[in-house]
Amino acid sequence: MLTLQVLRNDREALEKALSKRGINAATMLNRILALDEERRHTQKEVDDLKAKQNEASREIGDLFKSGKKEEAEARRTEVSALKEKIHVLDEHQKSLVQQQEAALLEMPNRPHESVPTGHSEADNEVVSEEGDKPQLHGEAKPHWELADQYKLIDFEAGVKISGAGFPVYRGKGAKLQRALIQFFLDRADAAGYEEFIPPHLVNPDSGRGTGQLPDKEGQMYHCVEDDLYLIPTAEVPLTNLYRGDILAEEELPVQLCGYTPCFRREAGSYGKDVRGLNRLHQFDKVEIVRFEKPENSYASLDGMVEHVRGLLRDLELPFRTLRLCAGDLGFTAALTFDLEVWSAAQERWLEVSSVSNFESFQANRLQCRFRNAAGKPELVHTLNGSALALPRIVAALLENHQGPDGIRIPAALQRYTGFDTIS
RNA sequence: GGAGAAGUGCCAGAGUGGUCGAAUGGGCCUGAUUCGAAAUCAGGUGUGCCUUCACGGGCACCGGGGGUUCGAAUCCCUCCUUCUCCGCCA
């Protein structure tokens, strides 16, 4: 969430930035600032009364000690009256803080100045396009047919044992999956990201920390009995590793990575979007996460995008980079680059990575700070990116590298798969 | 899952109703000493909020939440976590 300081001190710019998202923030800001003013006023009142009470209590103690019992008793009834008043004001103060928090929680992040205006994915800016689309002359089979033909994925078995969106990988399909995970992790490791294997279920505090709660409550699988959520991305446990911490300046940047399965309810999806591997309830992903000093976060973001591009190049997939427009930008992000691979048979782009800078939006919720040069705690900037999400990579690999003799495995991947063709 | 013990600052550890945001030791920072270092000595060393031009002042926080009391780190309730024992188990 945004900090109160930003709302107070930078209101005009904030309102303008949020209008890019198509949000008229004026009403919300007015409400929050009005609450803030009342809260401060109330706090002053409460604090003063409490100071009085504390002082009286001290005196009562002294009076009892020096044996002036009657005087002490008199003071005591006096303070009792004060207590009533404090209690009422205190409750009011608490409710104001809660309302303010709730309102603040509903405000999305402020888009970076480079974010294009726009309403939908059609307005995203294509930053670059790389690699040649294969010429398959209408012969191209979609990945679900190839997966079936070479017995790589059993979608129906998944339906039987779980439901739609839970594919079963088998044989070389399973090996390919494992190879990709290993490949991505090795590359992240080489780029300086420390590997973690985090829990796949997280508590509500963690969900709030990264912003999935309350914004995307319905998108996560919830184990009600234990009040735990299945992670929709490794971002959640990895970023929460530093929740509530104050880091030393020298510790930054912190670079983490991890492979986890990801679980998403994907309520409301339908049609060609969910065909084959396009959109699943469970999928595998390697995630990279960074904690940065604010002045370095945007350079870092570029570095992360470049890392992902390197992976796609080595997989010999045609891809493009998008700068998301304000309308398509996630609630918590300030700037996001999406990377999409070309699906030769479906003849469309598939998103395989989303790399974002959250600035201090998540850090504020997480209360993750570092001690700056002045020795004061300051919110870090958090970033993360998929590097990479597996299913659509597999889809693109199958579709783009298909040929009469089978599916060619890119050279960089062969030492991980142990085979160079799927036939 | 059952029984018991415990959770205090960066760490160790005292404190069991009053002046405790918290003794003491270690660590760390600053200064003195030194050619320099070690050792020694002196001082400093949490976070959030409110208030103040500033100096400063106030409030809250001793696992989380709630309660008793004029007053709680200290008593009570509850939840969480850790440790010990028992049970179960990949």
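In what follows, chains carry the letters A, B, and so on, assigned in the order in which the sequence lines appear, proteins first and then strands, with residues in each chain numbered from 1. Being a predicted model, the structure only gives us computed values, none of them experimental.
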(message) Give me the distance, rounded to whole Å, that separates rC75(B) from rC70(B) when you measure between the C1' atoms they each carry.
(response) 16 Å
(request) Check Ile32(A) against Ala103(A) and note the closest heavy-atom contact, atom names and distance. (result) CG1-CB, 3.6 Å
(message) Taking CD in Glu12(A) as the centre, count heavy atoms belonging to other residues, nucleotides or ligands within less than 6.0 Å. Is the count above 12?
(response) no
(request) With a 4.0 Å heavy-atom cut-off, tell me which residues in residues 196-211 of chain A come close to RNA chain B, sorted by residue number. (result) none
(message) With rounding to the nearest 0.5 angstrom, report the CZ to CD distance, Arg392(A) to Glu399(A).
(response) 12.5 Å
(request) Indicate yes or no: does Arg369(A) engage Glu378(A) in a salt bridge with an N to O separation below 4.0 Å. (result) no
(request) Quote, to the nearest angstrom, the P distance that separates rA22(B) from rG57(B). (result) 13 Å
(request) Report yes or no: does Arg110(A) contribute a side-chain atom to a donor-acceptor pair with the main-chain N or O of Lys16(A) at less than 3.5 Å? (result) no
(message) I'd like the C1' distance from rC11(B) over to rU84(B), given in whole Å.
(response) 24 Å
(request) Evaluate the side-chain proximity of Lys172(A) to Phe419(A): yes if any heavy-atom separation is below 4.5 Å, no if none is. (result) yes
(message) Under a plain distance cut-off of 3.5 Å, with no hydrogens placed, do Asp186(A) and Tyr416(A) share a side-chain donor-acceptor pair?
(response) yes
(message) Under 4.0 Å between a side-chain nitrogen and a carboxylate oxygen: does that hold for Arg11(A) and Glu15(A)?
(response) yes
(request) State which of rU47(B), rG18(B), rC49(B) makes the closest approach to the side chain of Ile60(A). (result) rG18(B)
(request) Rounded to the nearest angstrom, tell me the gap between atom CD in Glu225(A) and atom P in rG1(B). (result) 11 Å
(request) Choose from rG71(B), rG46(B), rG18(B) the nucleotide whose nearest atom is closest to any side-chain atom of Gln53(A). (result) rG71(B)
(message) With a sphere of 6.0 Å drawn around CD of Glu125(A), does it hold more than 12 non-hydrogen atoms of other residues, nucleotides or ligands?
(response) yes
Identify each atom pair where a protein N or O and an N or O of nucleotides 55-59 of chain B are less than 3.5 Å apart, giving names and distance.
residue : atom : partner  : partner atom : Å
rG58(B) : N2   : Asp47(A) : OD2          : 3.1
rC59(B) : OP1  : Asn54(A) : ND2          : 3.1
rC59(B) : O2'  : Asp47(A) : OD1          : 3.0

(message) If you assign each of Asp36(A) and Ser80(A) to its closest nucleotide in RNA chain B, which residue comes earlier from the 5' end?
(response) Asp36(A)
(message) In whole Å, measure the gap between the C1' atoms of rU81(B) and rG65(B) for me.
(response) 15 Å
(message) Return whichever of Arg369(A) or Ala56(A) has its heavy-atom-nearest nucleotide of RNA chain B closer to the 5' end.
(response) Arg369(A)
(request) Would you give the length of the straight line joining atom CZ of Phe166(A) to atom NE2 of His281(A), rounded to the nearest 0.5 angstrom? (result) 5.5 Å
(message) In whole Å, measure the gap between the P atoms of rA6(B) and rG13(B) for me.
(response) 15 Å
(message) Can you check the distance between rG21(B) and rA60(B), where both ends of the measurement are the P atom (answer in whole Å)?
(response) 9 Å
(message) Between Arg264(A) (side chain only) and Pro232(A) (backbone N and O only), is there a donor and an acceptor less than 3.5 Å apart?
(response) yes
(request) Produce a footprint string for nucleotides 63-69 of chain B: one letter per nucleotide, 5' end first; B if the base is under 4.0 Å from any protein heavy atom, S if only the sugar-phosphate is, - if neither. (result) ---S--B
